[in-house]
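Every value quoted in this text rests on a predicted model; they were computed, and no experiment measured them. Below, chain A is the first sequence line, B the second, and so on; all start at residue 1.
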Amino acid sequence: MRLSNYFLPVLKEAPREAEIVSHQLMLRAGMIRQQSAGIYSWLPLGLKVLRKVEQIVREEQNRAGAVEVLMPTIQSADLWRESGRYDDYGKEMLRITDRHERDMLFGPTNEEMITDIFRSYVRSYKDLPLNLYHIQWKFRDEVRPRFGVMRGREFLMKDAYSFDLDEAASRAAYKRMFVSYLRTFDRLGVKAIPMRADTGPIGGDLSHEFLILADTGESEVFCHGDFMRFPVPGAGVDYGDDAKISAIMDEWTSAYARTDEMHDEALWDDVPAADQMNARGIEVGHIFHFGTKYSTPMGAKVTGPDGKDHDVFMGSYGIGPSRVVAALIEAGHDDAGIIWPASVAPFDVGLINLRSGDEATDTACGDLYSKLTAAGFDVLYDDTDNRAGGKFALADLIGLPWQLIVGPRGLANGEVELKERATGERLTLTLDAALNRLAEWQAETAARFGG
RNA sequence: CGGGGCAUGGCGCAGCCUGGUAGCGCACCUGGUUUGGGACCAGGGGGUCGCAAGUUCGAAUCUUGCUGCCCCGACCA
């Protein structure tokens with residue numbers, strides 16, 4: 001993409017209303033625009049990151065055996081009356097009346113609807129286990145939306161729902177999602193820690209939150225240092241092997257990890273002082289096992305091997321991709337701007353032409369742009385006639401992993417500069433050497449973050 | 001929902017106390033000189049000062065009401 005053809009409305013100064021760094025940087029980098037309290041438009045750069053996050057989440061859900069569907073944002077109130085939540089949910093639910101005076105709502109979550117889909121089609125235990133998910137916008141009319149997309153009223157959520165014949169099978173489904181979350185956050189390039197959680201209004205008896213560690217996180221985290229050492233299951237993990245999956249979850253739940261809300265000083269004292277890790281985190285995922293809470297009132301049952309009907313056991317599993325985008329910034333930034341993990345960076349390389357209009361420089365940049373694009377790099381080519389300083393500042397702000405800096409001075413020696421955003425390291429290389437270095441990185445990144 | 005704050009060109013702000021018809025920086029447009037870490041000169045465009053009512057000869061400025069947004073607390077991906 002040539003910057004001159006792109007839409008990247010950056011701001012030199014952060015709007016006053018933005019308090020936290022991710023919100024400031026998302027506004028400054030032209031990723032989002034606020035349309036109303038807690039409601040945002042996603043501009044091209046932001047959307048690109050959001051889609052990448054979404055795609056990684058999708059791939060790991062699919063790998064774990066979940067099947068994608070897409071349910072509507074608007075739901076009928078009748079469905080929610082069946083579960084009893086229409087009255088329970090309170091003012092967080094945005095209620096809408098259509099032209100026929102029917103009670104509708106903008107879905108804050110989809111347990112009822114997915115249960116309705118399930119009961120409409122599934123009759124036999126032989127069709128289980130089943131896990132259906134979708135990635136769809138939700139709306140929760142928060143009393144106090146804040147911190148940009150970190151806590152918006154409208155937000156993108158991946159929500160998966162598992163259906164099983166009995167408690168044991170349902171718990172196995174829960175563990176598969178648990179493991180898939182470990183992989184998902186690892187591929188997103190962040191350290192996420194699963195913590196025992198309150199089940200809250202969704203109900204149930206087994207629940208974990210996944211928190212991305214970031215110094216500016218909202219929640220205080222107490223966890224054992226072992227979490228930094230537990231191995232993340234690889235792409236080859238066998239989700240069909242219940243024992244193996246169970247063992248992974250056992251390991252990842254073997255050490256103490258709680259947020260301040262669930263913190264237990266007595267248990268904490270049992271953790272050796274050297275292993276006590278006190279950090280901050282951002283909740284980006286939450287999984288629940290809630291048994292027959294919805295299947296019973298809504299009549300979602302299957303015929304078992306015994307020839308009798310059984311209410312199905314369910315769980316739900318959420319990740320908020322829109323919040324993840326903000327959390328990644330909280331976890332990766334410096335004074336100059338964002339530092340994206342390679343797997344979700346909006347572009348791989350920022351190609352900086354230091355002297356647009358200079359024939360030799362333009363030619364060299366055009367050539368590099370073609371070669372990189374052909375080699376599978378997503379390149380943002382700054383071909384504008386801005387000054388060097390402005391281009392550097394922009395590149396740092398939007399946080400692409402690499403900056404390939406091309407100017408007449410270096411070209412005279414057949415050289416360009418390659419700057420790595422994360423480390424700030426700058427290398428002066430020949431054109432070919434620079435391309436080779438990027439190719440190495442591409443291979444490393446594919447190995448590290450690939451599906 | 002309780003408490004606090006803010007609202008003046010696209011963004012950041014001053015002006016308000018002590019009413020006299022709106023200003024600064026950045027951004028934008030034109031021309032020129034420039035060009036390796038946010039250039040300089042000259043010229044230019046853009047705001048019924050959130051909305052409504054009131055006080056006054058006169059309101060960005062004073063009064064009242066409303067709306068929007070932000071922050072702190074209780075709740076959430």
Going by atom type alone, with no hydrogens or angles, which donor-acceptor pairs under 3.5 Å involve a side-chain atom of residues 328-337 of chain A and a protein atom two or more places apart or on another chain?
from    : atom 1 : to      : atom 2 : distance (Å)
E330(A) : OE1    : T216(A) : OG1    : 2.1
E330(A) : OE2    : S22(A)  : N      : 2.9
E330(A) : OE2    : S22(A)  : OG     : 2.7
H333(A) : ND1    : I329(A) : O      : 2.8
H333(A) : ND1    : E330(A) : O      : 3.3
D334(A) : OD1    : A336(A) : N      : 2.9
D334(A) : OD1    : G337(A) : N      : 3.1
D334(A) : OD1    : R421(A) : NH2    : 2.7
D334(A) : OD2    : R421(A) : NH1    : 2.8

Looking only at side-chain atoms of A37(A), point me to the closest of C76(B), A74(B), C69(B). C69(B)

Looking at [N], I'd like to know if its phosphate oxygens (OP1 or OP2) sit under 4.0 Å from a side-chain N or O belonging to [X].
X	N	result
S36(A)	C69(B)	yes
R151(A)	C76(B)	no
K91(A)	C1(B)	yes
Q34(A)	C70(B)	yes

When we call it a touch if two heavy atoms are under 4.0 Å apart, what does [X] touch: a base, just sugar-phosphate, or nothing?
X	value
A18(A)	nothing
R28(A)	base
G318(A)	nothing
A393(A)	base
G357(A)	nothing
R16(A)	sugar-phosphate
G148(A)	nothing
K391(A)	nothing

So does [X] pair up with [Y], basic N to acidic O under 4.0 Å?
X	Y	answer
R63(A)	E59(A)	no
R187(A)	E60(A)	yes
K293(A)	D311(A)	no

Look at the side chain of [X] against the base of [N] and say whether a donor-acceptor pair falls under 3.5 Å; ignore hydrogens and angles.
X	N	result
E13(A)	G25(B)	yes
R144(A)	G73(B)	yes
R140(A)	C76(B)	no

Please give, in whole Å, the distance from G73(B) P to E218(A) CD? 9 Å

Just wondering, do F392(A) and G38(B) stack (centres under 5.5 Å, planes under 30°)? no

Would you check if the side chain of K91(A) reaches a backbone N or O of D141(A) as a donor-acceptor pair within less than 3.5 Å? no

Between C28(B) and A22(B), how many Å separate the two P atoms, rounded to a whole number? 26 Å

Quick check on RNA chain B: between L397(A) and S356(A), whose nearest nucleotide comes earlier from the 5' end? S356(A)

Let me spell it out: for each of I319(A) and D385(A), pick the nucleotide of RNA chain B with the closest heavy atom. Which residue's pick is nearer the 5' end? D385(A)

